[in-house]
Amino acid sequence: MKKVQLLINIILALAVLALFVLHFTGIGSRGVSESASGASASTGDGKIVYVQIDSVLAKYDMATDLSAELEKSVESSDAEYSSKQSAYQKQVTDYQDKYNRGLLTRSEATTIEQELYTKQQELLQLQEELTNNLTEQQTVMNRKLIDAIMKYLNENSRQFNYTYVLGTSFGGNILYAHDSLDITESVIEGLNSAYQQQLRSSR
């Protein structure tokens, strides 16, 4: 299992999903508060602000905790698969050694080959199951993260007084945005505060 590639995919998935939420979701109905942004950009009756997605993913405690949980699952799955793969490979090597030395009858060799084939198929099935489990866990993790961000933006639309929240990231569609419209740090602070309160209440 390619753990490094999977972890990269996890990070990319989080970034893409967060970008989707923050860039394409319009929330609220008022202008940007002076305390949060210092200035605002008008679009009809509403206002636009933006959030730096890379910073949210790096500093949001929930994203960090969920990523850590998923990484543990990846490591556990990798260890389980590697252990069984090593055991299988050892059996293959042992069979080849005995076969080359003429220590097996044709009937014995056929039986062992069938057993090895069965174990090989079981390994492939295990790999598929572990991958599917990790994919499902990643999907649930992403949904939790998106739900928390959307809930926070909805509940705090009056505080920031925005109509749209755009998401900026390196190489994204937004090539320039004035710093006065950046509410990233305030959003991160609010998200973390809400998350820590949720953790305390669940204990």
Side-chain angles (χ1 to χ4, degrees), residues 1-29 32-33 36-37 48-81 126-174 177 181-203:
M1 297 180 71
K2 300 180 180 178
K3 181 171 67 176
V4 174
Q5 183 62 44
L6 180 57
L7 291 176
I8 291 175
N9 290 339
I10 291 169
I11 295 173
L12 291 176
L14 285 173
V16 170
L17 289 169
L19 176 61
F20 176 84
V21 173
L22 297 176
H23 186 78
F24 295 103
T25 303
I27 304 172
S29 59
V32 182
S33 66
S37 66
I48 293 178
V49 294
Y50 73 91
V51 172
Q52 299 177 39
I53 294 178
D54 294 341
S55 295
V56 172
L57 294 178
K59 299 179 181 179
Y60 185 18
D61 293 341
M62 175 183 282
T64 301
D65 290 348
L66 290 176
S67 294
E69 289 179 12
L70 185 58
E71 184 174 357
K72 287 181 180 179
S73 295
V74 171
E75 292 174 351
S76 176
S77 296
D78 185 60
E80 179 181 356
Y81 179 78
L126 174 63
Q127 184 179 37
E128 183 178 356
E129 289 176 356
L130 292 175
T131 300
N132 289 340
N133 289 340
L134 290 173
T135 300
E136 182 180 9
Q137 185 175 346
Q138 178 184 341
T139 300
V140 173
M141 180 187 75
N142 291 339
R143 287 176 178 171
K144 288 181 178 179
L145 184 61
I146 291 174
D147 181 67
I149 294 174
M150 292 183 67
K151 181 179 179 181
Y152 176 81
L153 293 176
N154 271 295
E155 292 178 349
N156 292 274
S157 60
R158 291 186 179 181
Q159 175 188 349
F160 296 106
N161 295 325
Y162 46 67
T163 299
Y164 292 96
V165 180
L166 304 182
T168 65
S169 62
F170 182 78
N173 293 329
I174 301 176
L181 303 177
D182 186 358
I183 63 170
T184 303
E185 292 303 321
S186 295
V187 169
I188 292 173
E189 182 179 353
L191 284 169
N192 284 335
S193 177
Y195 178 59
Q196 293 303 326
Q197 183 177 356
Q198 177 185 343
L199 290 179
R200 288 192 295 269
S201 63
S202 62
R203 291 172 183 170

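All figures in this text were calculated on a predicted structure; none of them were measured in a lab.
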Is the shortest side-chain heavy-atom distance between Ile48 and Thr163 below 4.5 Å? no

Smallest separation among heavy atoms of Ala148 and Met62, with atom names: CB-SD, 3.8 Å

CD (Glu129) and OG (Ser77) are apart, to the nearest 0.5 Å, by 11.0 Å

Give, for atom NZ of Lys151 and atom CG of Leu191, the distance between the pair rounded to the nearest 0.5 Å. 11.5 Å

Would you say that Val51 contacts Val56 through its side chain, given a criterion of any heavy-atom pair below 4.5 Å between the two side chains? yes

Compare all side-chain heavy atoms of Gln138 with those of Leu70 and state whether any distance is below 4.5 angstrom. yes

Just verifying a value: how many Å separate Asp65 CG and Leu199 CG, rounded to the nearest 0.5 Å? 6.5 Å

For Asp61 versus Tyr195, what's the shortest heavy-atom pair and its separation? CB-CD2, 3.6 Å

Do the side chains of Leu57 and Leu145 get nearer than 4.5 Å, heavy atoms only? yes

Can you confirm whether Glu71 sits close enough to Glu75 that some side-chain heavy atom of one is under 4.5 Å from a side-chain heavy atom of the other? yes

Go through the side-chain N and O atoms of Thr168 and Gln52 and say whether any donor and acceptor fall under 3.5 Å apart. no

What pairs with Glu69 under salt bridge (Lys or Arg N to Asp or Glu O under 4.0 Å), at least two apart in sequence or on another chain? none

So, for Ser186 and Tyr152, which heavy atoms are closest and what is the spacing to 0.1 Å? O-OH, 3.7 Å

Got a donor-acceptor contact below 3.5 angstrom from the Thr64 side chain to the Tyr60 backbone? yes

Less than 4.5 Å apart, side chain to side chain, heavy atoms only: is that true for Asn132 and Glu136? no

So CE of Met141 and OG1 of Thr139: to nearest 0.5 Å the spacing works out to 9.0 Å

Between Gly167 and Ile174, which heavy-atom pair has the shortest distance, and what is it? O-CD1, 3.6 Å

Can you see which heavy atom on Ser55 is nearest to which on Ile188, and at what distance? O-CD1, 3.6 Å

Quick one: are Ile183 and Tyr50 in side-chain contact, heavy atoms under 4.5 Å? no

Take a 6.0 Å sphere around CD of Glu189 and say whether it holds more than 12 heavy atoms from other residues, nucleotides or ligands. no

Does Arg143 offer a backbone N or O that forms a donor-acceptor pair with the side chain of Asp147 under 3.5 Å? no

Euclidean distance, Leu153 CG relative to Phe160 CZ, rounded to 0.5 Å: 8.0 Å

Would you check if the side chain of Asp182 reaches a backbone N or O of Ala177 as a donor-acceptor pair within less than 3.5 Å? no

